[in-house]
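Scope of the values below: all heavy atoms of this structure, side chains included, with no hydrogens, waters or symmetry mates.
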Amino acid sequence: MADLSVRELPLFPLPDVVLFPRDVLPLHIFESRYRMMLQSVLEDDRRFGVVRWDPQTQTMATVGCCAEVLQHQTAEDGRSNIVTLGQQRFRVLDVVRETPFRTAMVSWIEDEPVEDSEQLKTLSQSVDQALKDVVELTGKLTGSAASLPDDLPDLPRELSFWIGAHLGGPVAEQQQELLELTDTRERLQLEFEMLDETRRQLAARTVLRDTLANVD
């Protein structure tokens, strides 16, 4: 009987792009090899693997995320605009073909079973509050309305993926680390530490700004 947890998957390496489950990723397909890849996946199950390509080391990550094509539009010149949605994470076992596009045998990755659901729930609530504080403080500093989406995930694993996907700045290395973790608690703990540090910095800047504003 075939191992259903292993399959062959076309790969799309992208410089410093880390896709997370349930995250939406629009892409512009223009290289001929990826035009062929898109045609192939549209004829199959509309799925391919997004993996981070590190421009500094010129290496491809060994863990990525499967992307499903939700929408596609192809122009007369053959270029396409597509919208994809992150699905399961995978580990690259073996690259089996390099041309016309890279294809690999991959195995699916899931988080380990939760041992202490109450502890995880408490941590998730702390992460959620830190996230709200960061958004609120950012709005105060920039003088613009800032809010979180109404459909922000409330399940710990899904929340951890959402935060990983929405980290700001050049943080591909941190995102890759979060993507590769298979412990929901560990992922949330790292995200809490990042958010808490950002919250402290924003709070300090807010106090400094208010202090200077009150100086005659």
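- Annotation: E31, atom CD; neighbour count of heavy atoms from other residues, nucleotides and ligands within 6.0 Å is above 12.
- The main-chain N or O of Q56 is found under 3.5 Å from a side-chain atom of D54 such that the two form a donor-acceptor pair.
- Side-chain atoms of L152 and D128, non-hydrogen and from C-beta on, do get closer than 4.5 Å to each other.
- A salt bridge is defined here as a Lys NZ or Arg NE, NH1 or NH2 lying under 4.0 Å from an Asp or Glu carboxylate O, and E191 with R187 fails to meet this definition.
- Checked options R200, Q201, R199; the residue passing with E197 is Q201 (criterion: side chain to side chain donor-acceptor pair (under 3.5 Å)).
- A distance of 4.0 Å separates OG1 of T182 from CD of E112, quoted to the nearest 0.5 Å.
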>> Run Q189 and L181 through side-chain contact (heavy atoms from CB on, under 4.5 Å) and show every step you take.
In response: CA-CA 11 Å; Q189 182 62 42; L181 289 173; over 6 Å; no
Please walk me through it: do L178 and V18 pass side-chain contact (heavy atoms from CB on, under 4.5 Å)? CA-CA 10 Å; L178 293 169; V18 180; over 6 Å; no
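- The line from OG1 of T84 to CZ of R46 is 11.5 Å long, rounded to the nearest 0.5 Å.
- A donor-acceptor contact shorter than 3.5 Å is absent between the side chain of S124 and the backbone of L120.
- The hydrophobic cluster containing Y34, built from Ile/Leu/Val/Met/Phe/Trp/Tyr side-chain heavy atoms closer than 4.5 Å, also comprises F12, L14, V17, L19, L25, L27, I29, M36, M37, L38, V41, L42, F48, V50, V69, I82, F101.
- Between atom CD of residue E136 and atom CG of residue L141 there is a gap of 11.0 Å, rounded to the nearest 0.5 Å.
- Atom CG of residue L167 and atom CG of residue L195 lie 7.5 Å apart, to the nearest 0.5 angstrom.
- R22 has no carboxylate O lying under 4.0 Å from a charged side-chain N of D151, or vice versa, which leaves the two without a salt bridge.
- With a 4.5 Å cut-off on side-chain heavy atoms, D23 and H166 count as touching.
- Sequence neighbours left out, not one pair with a member in residues 178-209 passes ring pair (Phe, Tyr, Trp, His ring centres under 6.0 Å).
- In the hydrophobic clustering, F30 connects to no other residue, as no ILVMFWY side-chain heavy atoms lie under 4.5 Å from its own.
- Interatomic distance, S5 OG to E110 CD, rounded to the nearest 0.5 Å: 10.5 Å.
- Side-chain contact check for C66 versus R47: some heavy-atom pair is nearer than 4.5 Å.
- Here the side chains of E177 and L190 are in contact, with some heavy-atom distance below 4.5 Å.
- Residues near V207 contribute nothing to a hydrophobic cluster around it, because no ILVMFWY side-chain heavy atom sits closer than 4.5 Å to its side chain.
- By the 4.5 Å heavy-atom criterion applied to side chains, Q129 and D133 are counted as neighbours.
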- Query: Can E180 and Q176 be said to form a side chain to side chain donor-acceptor pair (under 3.5 Å), step by step?
  - Reply: CA-CA 6 Å; E180 294 184 10; Q176 185 65 37; 2.9 Å; yes
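- Evaluation of the side chain to side chain contact (heavy atoms under 4.5 Å, CB included) rule for D77 yields A75, R79 as partners, not counting sequence neighbours.
- Across all their heavy atoms, T184 and S160 have their closest contact at CG2-OG, 4.4 Å.
- Q58 has its side chain within reach of W53: a pair of non-hydrogen atoms, C-beta onward, lies under 4.5 Å apart.
- Looking only at side-chain heavy atoms (C-beta outward), E8 and R97 come within less than 4.5 Å of each other.
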Carefully, step by step, assess M194 and V171 under the rule side-chain contact (heavy atoms from CB on, under 4.5 Å). CA-CA 11 Å; M194 287 187 280; V171 290; over 6 Å; no
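- The backbone N or O of G164 sits less than 3.5 Å from a side-chain atom of Q175, completing a donor-acceptor pair.
- The distance from the CD atom of Q88 to the CD atom of E68 is 9.0 Å, given to the nearest 0.5 Å.
- A salt bridge links R89 to D111: at least one charged side-chain nitrogen sits closer than 4.0 Å to a carboxylate oxygen.
- By the 4.5 Å heavy-atom criterion applied to side chains, R102 and V51 are not counted as neighbours.
- Every residue two or more places apart in sequence or in another chain that forms a salt bridge (charged side-chain N to carboxylate O under 4.0 Å, His left out) with D16 is listed here: R52.
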